[in-house]
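One structure below.
Every number for a ligand or one of its atoms is a count from 1 in the order of the listing.
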Amino acid sequence: MAAARKFFVGGNWKMNGNRSSIEGIIANLNKSEVSIETDVIVAPPAVYLDYTKQTIQSGIKVAAQNCYKESKGAFTGETSPAMIKDIGLEWVILGHSERRHVFGETDQLIGEKVGHALSEGLQVIACVGELLSDREAGNTNEVVFKQVKAISENVKDWSNVVIAYEPVWAIGTGKVASPEQAQEVHNDLRVWLSDQVSVDVAQSTRIIYGGSVNGANCKALAKQPDIDGFLVGGASLKPEFVDIINARQ
Ligand code: PEP
């Protein structure tokens with residue numbers, strides 16, 4: 001039933017770019033043919049969210065890269081879902097591996113953030129993924145199931161959630177998971193959703209892959225039945241992002 005799941009491609013710009021380079025990325029996206037068969041979002045650094053929203057074509061949504069689990073208060077440096085909504089945005093990325101492994105975010109905190117963002121009306125790209133050491137120890141499923149469980153406990157309506165499977169060893173390393181490796185984990189996540197949530201949720205929830213996706217490898221990955229799109233880092237800053245958006249065409 002993969003056809004029922006609309007292809008989804010997100011570009012995570014991370015902490016890259018400046019006003020001038022972001023202007024260039026947006027100009028390129030605005031003149032590009034972006035398939036209406038694909039949901040496209042870009043996630044610029046927080047200070048450029050409003051500028052990106054104001055200047056990017058309406059067919060491309062803008063996401064925050066992170067948010068906090070409270071709506072306001074004494075949380076210096078943080079951004080709330082209410083603020084993200086207030087500037088007209090609909091999406092946030094949560095649980096990215098850099099939040100987990102550089103900033104020490106736990107499964108529990110990520111779960112709480114997901115719950116709060118959803119309750120404030122945002123849609124969430126919720127990221128999970130194993131370290132190389134987890135994979136080598138044969139613990140990939142144990143790790144990603146634990147991460148997705150912490151997320152799942154905070155989700156009431158799965159239509160507002162996209163799961164991003166991003167093996168940490170593939171992020172920013174140029175070492176992409178093979179289509180078979182990615183498909184295997186996507187399928188296992190779908191079985192987990194079917195067992196732990198419902199068959200309907202398992203069939204309808206988009207599970208996207210992230211980790212060194214580029215214009216050259218995206219088509220083979222996109223052919224896999226349980227890969228419903230991509231979360232793209234490095235290549236989302238380059239013109240080839242358009243090829244990735246159109247990987248299913
Ligand atoms: C990411 O940041 O989510 C990511 C997948 O990065 P890259 O595409 O650069 O590996």
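- At the top of the distance list for atom 10 (O) of ligand 1, counting protein heavy atoms only, stands G172 N, 2.6 Å.
- For atom 9 (O) of ligand 1, the closest heavy atom belonging to the protein is G234 N, 2.8 Å.
- Counted by atom type alone, K238 and N214 present zero donor-acceptor pairs between their side chains at under 3.5 Å.
- In summary, the side chains of Y68 and E112 do not present any donor paired with an acceptor at a separation below 3.5 Å, with no hydrogens or angles considered.
- Under the side chain to side chain contact (heavy atoms under 4.5 Å, CB included) rule, R190 has a single partner from V185, V199, D228, which is D228.
- Nearest protein heavy-atom neighbour of atom 1 (C) of ligand 1: H96 NE2, 3.2 Å.
- In terms of protein heavy atoms, atom 8 (O) of ligand 1 is closest to G233 N, 2.8 Å.
- The existence of a salt bridge linking K85 and E120 is excluded, since no basic side-chain nitrogen approaches an acidic carboxylate oxygen closer than 4.0 Å.
- Proximity to A170 (heavy-atom distance under 4.0 Å) selects the following atoms of ligand 1: 10 (O).
- Both the backbone and the side chain of I171 come within 4.0 Å of ligand 1, counting heavy atoms alone.
- Cation-pi geometry between R19 and Y51 is met: the NZ or CZ atom falls under 6.0 Å from the ring centre, inside 45° of the normal.
- The shortest N or O to N or O distance between E98 and ligand 1 is not below 3.5 Å.
- Residues D39 and R206 are paired through a salt bridge, judged by an N-O separation under 4.0 Å between the basic side chain and the carboxylate.
- Checking each of R100, E130, E142 against Q147 for a side chain to side chain contact (heavy atoms under 4.5 Å, CB included) leaves exactly one that passes, namely R100.
- Taking every non-hydrogen atom of G211 and a distance limit under 4.0 Å, the qualifying atoms of ligand 1 come out as 5 (C), 10 (O).
- The protein non-hydrogen atom at the shortest distance from atom 5 (C) of ligand 1 is E166 OE2, 3.1 Å.
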